[in-house]
2 protein chains.
Amino acid sequence: MTIAILGGTGDIGEGLTLRFARDTDHDVIVGSRDAERAAERAATYRSQLDKHGRAADIDGRANAAAAAAADIVVAAVPPYHLRETIESVTDGLDDETVLVTPAVGMSRDDAGMHYDRPGAGSVTELAASAAPDRVAVVGAAHTLPAARLADLDAELGIDTVLVGPTEPKARVAALFEAVEGLRPVDAGPLANAAEIEAVTPLLINVAQNTDGLDQLGVRFQ
Amino acid sequence: MTIAILGGTGDIGEGLTLRFARDTDHDVIVGSRDAERAAERAATYRSQLDKHGRAADIDGRANAAAAAAADIVVAAVPPYHLRETIESVTDGLDDETVLVTPAVGMSRDDAGMHYDRPGAGSVTELAASAAPDRVAVVGAAHTLPAARLADLDAELGIDTVLVGPTEPKARVAALFEAVEGLRPVDAGPLANAAEIEAVTPLLINVAQNTDGLDQLGVRFQ
């Protein structure tokens with residue numbers, strides 16, 4: 001299987017690329033608006049993995065080319081770029097492609113981080129509304145700590161919560177299940193995404209206010 | 001110290017009463033709108049604890065009398081009774097009393113459970129607006145699984161997230177810290193409560209959709 005990480009040069013994109021490339025046998029393609037930047041970053045990731053004793057197959061391409069070659073496309077871009085990023089790659093997506101969205105809208109005020117719930121109900125549903133009907137959309141990875149994911153020496157022991165239609169969600173769950181220390185759990189349909197997205201600012205608030213906690217993920221137990 | 005659990009005959013009230021009475025040396029008072037019902041339930045809890053080898057000091061009183069005698073008052077009532085319950089006990093609260101609110105507003109649709117965010121910003125802030133200014137309000141215990149809490153044979157290993165002003169929050173944190181298997185973590189001021197309250201429906205959705213998970217709490221790690 002081939003996984004494209006659109007925005008694979010960004011923080012959560014970096015972590016997902018490195019973990020998928022290290023822990024699975026899937027081909028991983030780093031996507032970026034700039035093909036050259038994608039290729040450079042793919043080389044950096046290959047060299048990082050090489051230091052961890054893993055000869056990984058990571059390619060770098062422009063977002064549309066990355067998406068067109070992939071079975072699972074992760075749109076690891078900020079929420080304000082999500083719609084345009086999805087629209088820019090849809091021509092290359094077929095009805096077997098699964099689009100995964102980890103984006104969350106947040107803002108900071110004096111008290112801390114807050115979830116900005118969009119009119120679509122959630123950022124995950126916003127992504128679904130931007131994708132053509134033939135493409136299945138699954139929400140995942142909203143609550144994964146980016147820097148810890150990108151640090152291959154860091155242990156995880158955390159969950160990622162999935163929402164979306166059953167069969168595509170099972171394919172995405174199998175992908176995350178293969179990442180060491182990551183457990184996929186299922187929160188049901190896309191309409192349940194807002195309650196997941198609200199956890200991301202909460203994790204930042206807890207880390208900010210509690211001694212000894214940082215780069216937090218969540219475990220349901 | 002004396003802890004009053006208003007609505008201590010309800011599900012989350014039962015769990016908090018039993019755990020506080022078993023794991024701390026504080027006096028616990030079960031509050032109810034009906035003093036007789038409170039007294040009956042207190043006797044039931046004492047007998048449950050007795051079977052677990054613990055001779056606990058649990059009293060039962062009408063909500064206002066319970067609150068007036070307590071240092072920490074937990075308003076363990078449904079969100080739609082929260083304002084009237086707080087208003088009915090405020091005469092007896094002094095400026096040393098800390099009011100703790102675990103209530104969350106939720107509704108169910110075809111997809112699952114959803115967080116109903118009130119106009120006040122959160123149910124926790126709604127409680128704060130119902131309390132007199134002299135009484136400190138702390139949000140806690142929103143995400144604790146009621147039936148598991150009430151089952152004294154069940155292990156916890158989960159967190160409770162606190163919000164509120166610093167000093168009263170530290171007193172409440174110390175109370176929860178004393179409960180075996182429970183770790184208080186701090187999410188900052190009351191204004192950060194909504195992101196905690198959204199976790200409660202999420203826990204129900206994850207348990208509903210994921211094989212082998214039930215009565216979930218959350219651990220930040």
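Numbers restart at 1 for each chain; the letters A, B, ... are given by sequence-line order, proteins then strands. All values derive from a computational prediction rather than experimental measurement.
More than 12 heavy atoms of other residues, nucleotides or ligands sit less than 6.0 Å from atom CG of A:Asp94. Under a cut-off of 6.0 angstrom, the local environment of CG in A:Asp95 is crowded, with over 12 non-hydrogen atoms contributed by other residues, nucleotides or ligands. Shown here is B:Glu87, whose CD atom has more than 12 heavy atoms of other residues, nucleotides or ligands within 6.0 Å. More than 12 heavy atoms of other residues, nucleotides or ligands shown are found within 6.0 angstrom of CD on B:Glu84. Counting heavy atoms of neighbouring residues, nucleotides and ligands inside a 6.0 Å radius, atom CG of B:Asp133 does not exceed 12 of them. Within 6.0 Å of CG in A:Asp109 there are more than 12 heavy atoms belonging to other residues, nucleotides or ligands.
Most heavy-atom pairs under 4.5 Å with chain A, from the set B:Glu195, B:Arg148, B:Gln215, B:Gln208: that is B:Glu195. Interface summary for chain B: among A:Ala191, A:Gly188, A:Gly217, the most heavy-atom pairs under 4.5 angstrom belong to A:Gly217. Per-residue heavy-atom pair counts under 4.5 Å with chain A were compared for B:Ala111, B:Pro201, B:Ala198, and the maximum is reached by B:Ala111.
Scanning all heavy atoms of the two residues, the minimum distance from B:Asn205 to A:Ala187 falls at CB-O, 3.6 Å.
A distance of 14.0 Å separates CD1 of A:Ile158 from CZ of B:Arg219, quoted to the nearest 0.5 Å.
Contact of A:Leu216 with chain B is made through backbone and side chain together, with heavy-atom distances under 4.5 Å. When heavy atoms are compared at a cutoff of 4.5 Å, B:Gln221 approaches chain A by way of both its backbone and its side chain. Looking at B:Val218, both its backbone and its side chain come within 4.5 Å of chain A, counting heavy atoms on both sides. The parts of B:Ile196 that come within reach of chain A are both its backbone and its side chain, each placing non-hydrogen atoms under 4.5 angstrom from that chain.
A 4.5 Å side-chain heavy-atom check between B:Val206 and A:Asp186 finds every atom pair outside the cut-off. Counting heavy atoms from C-beta on, the side chains of B:Phe220 and A:Thr210 never come closer than 4.5 Å. Using a 4.5 Å cut-off on side-chain heavy atoms (C-beta onward), B:His114 and A:Asn192 make contact.
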